[in-house]
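Comments concern the structure below.
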Amino acid sequence: MSKSFKVLGLAVSALALTQLPAAAQTKVTDQGISANEIVIGTHQDLSGPIKVWGVPVSNGMKMAAEEINAAGGIHGRKIKLIVEDSGYDPKRAVLASQKMVERDKVFAMVGPMGSPTVLAAQDILFDAGVLQLFPLTAAEFTFKFDPAKPQERLKFNNLLPYVESTRAAVKYMLETKNFKKPCIMYQDDEYGKNVLDGFTQQVTAMKLQPASVTSYKRGASDFSAQVAKMKSDGCDMVVLGTVIRETIGAMGEAKKLGWDVTFLGATPTNVLEVPALGKEAVEGLYAASGFEIPYEDTAKGKVKDWLTNYKKMFGSDANTQAIIGYNAMMTFAFYAEKAGKDLTGQKMMAALESGEQFRDIFNSPPTKFSKTDHLANTITQVQQIKNGRWVLVKEGLMF
């Protein structure tokens, strides 16, 4: 072989190697699909510290599955929903995911609960080619993917991302209220760190310095040290990267100290349980959110009917979490329907990345994905607790 051909051969081989990651195909499973059924899995906290999220989310998913099946299913296939309890424990989430992938043969994991639990278990799904759809966390790892790692394309998120929604809400509060000493208290995990990132990025962009930054361990119940520190540091607005009981605990501690400061919660604080359980302690709390919370006595049309039907099915009032669970399942059904009668993993992926819009009955921003962006939207609103109810303050916010 001539020297020139050897050089050409080496060059072609090198080019081929550089093209491998881009050309690699995402493996998507077809398991769980039969002539009459689609098997879907989810893991929720049904017994742990955020079961006030997990139980209604799973109820909302069950309600949606029943509605879909009663209407004939998806091209004649009924949904079989497998629900496992993670207890908000990453190790239990891993075991639950292994069981659903290997024994139950789920086609997709829909609406799994929690940042640390989803993060711990997601590689099990990706290795098996199982789609991770619309998890109950808006951490960046649930939608950002490396194009050189084709299995990461299996993740899609339809919730407001914590970083972007926190930035939009912080920007609105700082501009309209003219605060000069913003502070943050956040949960020391993936969720809290995303809220911290959004807070830090926006404060930096507005050329301000945080007056105080403090954290707490997931599961903590005493926030006296954190609140005392923030008061001592002179904070005039506190961003809360908390969930439910931590929100109430922090604001209750501030009331005990006689500290009149404005609190702004990240999206997980925007639930009915916060004013219901916190009562006077949380009055005035602001929060970032993705949609306006409906109340049965003021809701109309399909939303009012949905609230009534939920109460009949589960014996309790529907809440934000139930809506999110319901929407996760309805979003899955929408794209599975778009994938056609001959449903496969690859066709489901193509439907998700088609740019088709799903609109829910709750007037949320539309859900829409593309081949390069697996995040639905970043349009944020701010709500506030007034007289024990969440009311809309400002919508259409972006940073």
For the pair Arg92 and Ser86, evaluate side-chain hydrogen bond (donor to acceptor under 3.5 Å, both in side chains) and give the outcome as yes or no after the intermediate values.
CA-CA 5 Å; Arg92 289 179 64 182; Ser86 73; over 6 Å; no

Is there side-chain contact between Val170 and Val239, with at least one heavy-atom pair below 4.5 Å?
yes

I'd like to know if the side chain of Thr42 pairs up with that of Gln44 as donor and acceptor (distance under 3.5 Å, no hydrogens or angles considered).
yes

Nearest heavy-atom neighbours spanning Thr137 and Asn157:
O-ND2, 2.8 Å

Neighbour count above 12 (heavy atom, 6.0 Å) for Lys368 NZ:
no

Give every residue pair that meets the disulfide (SG to SG under 2.5 Å) criterion with at least one member in residues 68-149, sequence neighbours excluded.
none

Distance alone, cut at 3.5 Å: any donor-acceptor contact between the side chains of Asn178 and Lys180?
yes

Tell me whether Asn363 at atom CG has more than 12 heavy atoms from other residues, nucleotides or ligands lying less than 6.0 Å away.
no

Check for me, please, whether Val118 and Tyr162 land in the same ILVMFWY cluster - side-chain distances under 4.5 Å, paths through other members count.
no

Side-chain contact test, heavy atoms from C-beta onward, threshold under 4.5 Å: evaluate it for Leu240 versus Val238 and give yes or no.
yes

Within 45° cone of Tyr88 ring axis and under 6.0 Å: Arg218 NZ or CZ
yes

Do Val94 and Gln98 have side chains that approach each other closer than 4.5 Å (heavy atoms only, starting at C-beta)?
yes

Using the side-chain contact (heavy atoms from CB on, under 4.5 Å) rule, take Met100 and His43 through it: C-alpha gap first, then chi angles, then the decisive distance, then the call.
CA-CA 9 Å; Met100 287 185 278; His43 57 81; 4.2 Å; yes

Go through the steps to decide whether Asp297 and Arg389 satisfy the test salt bridge (charged side-chain N to carboxylate O under 4.0 Å, His left out), and finish with yes or no.
CA-CA 12 Å; Asp297 59 349; Arg389 286 196 173 198; 2.7 Å; yes

Can you tell me if Glu280 has over 12 outside heavy atoms packed within less than 6.0 Å of its CD?
no

Taking C-beta and beyond as the side chain, do Asn194 and Tyr186 meet within less than 4.5 Å on heavy atoms?
no

Report the relative orientation of the aromatic rings in Phe291 and Phe362; use parallel for angles under 30°, tilted for 30 to 60°, perpendicular for over 60°.
tilted

Just one of Met109, Met349, Gln132, Gln122 clears the side-chain contact (heavy atoms from CB on, under 4.5 Å) bar with Leu154, so which one?
Met349

No-hydrogen, no-angle side-chain donor-acceptor test under 3.5 Å, Tyr326 and Glu67
yes

Are more than 12 heavy atoms from other residues, nucleotides or ligands located less than 6.0 Å from atom CD of Glu395?
no

Is there a path from Leu133 to Met63 through hydrophobic residues (I, L, V, M, F, W, Y) whose side chains come within less than 4.5 Å of each other?
yes

By the definition ring pair (Phe, Tyr, Trp, His ring centres under 6.0 Å), identify the one residue from Phe143, Phe156, Phe141 that meets it with His374.
Phe156

For residues 188-269, pull every pair meeting disulfide (SG to SG under 2.5 Å), keeping only residues two or more places apart or in separate chains.
Cys183-Cys235

Do other residues, nucleotides or ligands put more than 12 heavy atoms under 6.0 Å from the NZ atom of Lys27?
yes

Is a donor from one side chain sitting under 3.5 angstrom from an acceptor on the other, for Ser224 and Asp222?
yes

With a 3.5 Å cut-off and no angle check, do the side chains of Asp30 and Thr344 form a donor-acceptor pair?
no

For a salt bridge (charged side-chain N to carboxylate O under 4.0 Å, His left out) check, start with the C-alpha distance between Glu66 and Lys62, then their side-chain angles and the critical distance, and finish with the verdict.
CA-CA 6 Å; Glu66 287 198 18; Lys62 291 172 185 175; over 6 Å; no

Hey, can you tell me if Phe358 and Phe334 have their rings parallel, tilted or perpendicular (30° and 60° cut-offs)?
tilted

If you count every heavy atom of other residues, nucleotides or ligands that lies below 6.0 Å from Lys99 atom NZ, does the total exceed 12?
yes

A quick test of your reading: do over 12 heavy atoms of other residues, nucleotides or ligands sit less than 6.0 Å from NZ of Lys231?
yes

Before giving the answer on side-chain hydrogen bond (donor to acceptor under 3.5 Å, both in side chains), spell out for Glu273 and Gln321 the whole-Å C-alpha distance, their side-chain angles and the decisive distance to 0.1 Å.
CA-CA 10 Å; Glu273 285 80 2; Gln321 304 91 299; 3.0 Å; yes

Is there a path of hydrophobic side-chain contacts, each under 4.5 Å between heavy atoms of I, L, V, M, F, W or Y residues, that connects Val282 with Val391?
no

Please examine the side chains of Leu125 and Leu131, heavy atoms only from C-beta on, and report whether any two atoms are closer than 4.5 Å.
no

Going by distance alone, is a donor N or O of one side chain under 3.5 Å from an acceptor N or O of the other, for Lys229 and Ser212?
yes

Could you check Gln151, Arg153, Glu152 and say which one makes a side-chain hydrogen bond (donor to acceptor under 3.5 Å, both in side chains) with Thr26?
Arg153

Would you please say whether a donor-acceptor pair under 3.5 Å links the side chains of Tyr216 and Gln187?
yes

Phe145 and Val163: same hydrophobic cluster, using ILVMFWY side-chain contacts below 4.5 Å?
no

Might you confirm whether atom CD of Gln209 has over 12 heavy atoms from other residues, nucleotides or ligands at distances under 6.0 Å?
no

Side chains of Lys347 and Tyr335: any donor to acceptor distance under 3.5 Å?
no

Do the ring planes of Phe263 and Trp259 sit parallel (below 30°), tilted (30 to 60°) or perpendicular (above 60°)?
perpendicular

Under the side-chain hydrogen bond (donor to acceptor under 3.5 Å, both in side chains) criterion, do Thr267 and Ser289 qualify, and how do the steps go?
CA-CA 5 Å; Thr267 51; Ser289 63; over 6 Å; no

So disulfide (SG to SG under 2.5 Å) across residues 329-399, not counting sequence neighbours, yields none

Passes side-chain hydrogen bond (donor to acceptor under 3.5 Å, both in side chains), Ser215 versus Asp188? Steps please.
CA-CA 6 Å; Ser215 65; Asp188 189 14; 4.9 Å; no

Distance-only polar pair, side chains of Asn327 and Thr331, donor-acceptor under 3.5 Å:
no

Distance to the ring centre below 6.0 angstrom and angle to the axis at most 45 degrees; does that hold for Arg167 and Phe199?
no

